[in-house]
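Every number for a ligand or one of its atoms is a count from 1 in the order of the listing. Bear in mind the structure is a predicted one, so any value in this text is a computation, not a measurement.
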Amino acid sequence: MADALLDVDGLDVVYDIRDATGRAVRRLHALSDISLVLERGEAIGVVGESGSGKSTLARTIVGLVTPTKGHIRIDGKELPNRRGSAARHGIQMIFQDHTATLNPFQTVGRILDEVIALWRPGMAKQQRRQQAVSLLGKVGLDAEALERHPHAFSGGQRQRISIARALATEPRLLICDEPTSALDVSIQAQILDLFADLKREGYALLFISHNLAVVNRIAERIIVMQGGRIVEQGDTSATIRTPSHPYTRKLVASAPRLSDRGTLLASVQARSDNPEEQEKTR
Ligand SMILES: Nc1ncnc2c1ncn2[C@@H]1O[C@H](COP(=O)(O)OP(=O)(O)OP(=O)(O)O)[C@@H](O)[C@H]1O
Ligand SMILES: [Mg+2]
């Protein structure tokens, strides 16, 4: 069998909890024995209560947190745990707080150009501009955005810009940590459509969310975390229909508001009945 795009094997992360003076007072086991495999072009959703270790998992994969144990392999090769090495191996992370990652003093053109120039050192200026326009097109923004600063955009548009910037490094895997939770519902839906499009284009996604309905829409497989462990994983629709772990059952029962529940279950049903519907189901 060909090597998986991402293979996480037996990952442990322990944080030192420090007091005000910086002295380590206790240790917190944030991830315990996490293993998962993500194939090319596949989307896996990661759900779990606050503090269950979802962001720690994402940050460890991209090298922002050093694991105490375990392996992270890309295409079967061990990924060095260093900042920047994930990007070089085709992994990009999209953060929830996109405002913190876009320099307010630069135009969008400059923000994109810096990444493109770093990524493709030989590329001429005019070509880089074309590349920036094409990236904006992918996220549904037009060339006019190049001349404007981040503050001149709405929250949803800024999230699109940060996605365009992530795409500038030509990643194969996007790790998205609650990428829509700061947005209002209608903008959330647009950004989710964008992720669905990116998935159709062949990007693999590791999609972290509190929201089961969101994961159901984006990801064919789901991982449920609790207390730093994976307590259940499998096909998303099947897991939502017949959750086996008590925590997953609780999540299914409580996640969608009652008014959303019919939609969620109807969409699960449509996905399981008709594979073509899976593409269209929102
Ligand atoms: N840098 C850190 N130092 C110490 N403890 C940390 C650090 N980052 C996270 N933690 C702790 O690790 C645990 C897992 O945190 P993490 O941010 O991964 O959870 P999460 O599932 O992403 O939660 P949320 O849904 O609220 O974003 C929590 O108990 C958190 O307090
Ligand atoms: Mg988090």
What's within reach of the Mg ion (ligand 2), meaning protein N/O/S atoms under 2.8 Å? Ser55 OG
Among protein heavy atoms, which sits nearest to [atom], and what does the distance come to when rounded to 0.1 Å?
atom: atom 25 (O) of ligand 1; result: Lys54 NZ, 2.7 Å
atom: atom 1 (N) of ligand 1; result: Tyr15 CE2, 3.8 Å
atom: atom 26 (O) of ligand 1; result: Ser50 OG, 2.5 Å
atom: atom 23 (O) of ligand 1; result: Gly51 N, 2.8 Å

Which of the atoms in ligand 1, numbered in the order shown and given with their element, are less than 4.0 Å from a heavy-atom of [X]?
X: Thr56; value: 14 (C), 15 (O), 16 (P), 18 (O)
X: Glu49; value: 21 (O)
X: Ser52; value: 19 (O), 21 (O)
X: Ser55; value: 17 (O), 18 (O), 20 (P), 22 (O), 27 (O)
X: Ile17; value: 4 (C), 5 (N)

Are [X] and [Y] close enough that some pair of their side-chain heavy atoms sits under 4.5 Å apart?
X: Val224; Y: Tyr247; result: yes
X: His29; Y: Asp12; result: yes
X: Arg120; Y: Gln127; result: no
X: Asp9; Y: Arg73; result: yes
X: Ile91; Y: Leu174; result: no

Worked verdict on Gln226 versus Glu232 for side-chain hydrogen bond (donor to acceptor under 3.5 Å, both in side chains): CA-CA 9 Å; Gln226 189 187 34; Glu232 181 159 1; over 6 Å; no
Between the side chain of [X] and the main-chain N/O of [Y], is any donor-acceptor distance below 3.5 Å?
X: Thr242; Y: Ala238; result: yes
X: Gln106; Y: Asn103; result: no
X: Thr236; Y: Arg221; result: yes
X: Lys54; Y: Glu49; result: yes
X: Gln188; Y: Thr180; result: yes

Has ligand 1 got any nitrogen or oxygen that is less than 3.5 angstrom from a nitrogen or oxygen of [X]?
X: Ala30; result: no
X: Asp16; result: no
X: Leu28; result: no

In terms of ring plane angle, is the pair His151 and His149 parallel, tilted or perpendicular, where the classes change at 30° and 60°? parallel
Report the residues that fulfil side-chain contact (heavy atoms from CB on, under 4.5 Å) with Asp142, sequence neighbours left out, ordered by chain and then residue number. Glu144
Please determine whether residues Val8 and Val65 belong to a single hydrophobic cluster, defined as Ile, Leu, Val, Met, Phe, Trp and Tyr linked transitively by side-chain heavy-atom distances below 4.5 Å. yes
Can you find a non-hydrogen atom of [X] under 4.0 Å from ligand 1?
X: Gly48; result: no
X: Arg59; result: no
X: His210; result: yes

Going by a strict under-4.0 Å cutoff (protein heavy atoms only), does atom 31 (O) of ligand 1 have a neighbour on the protein? no
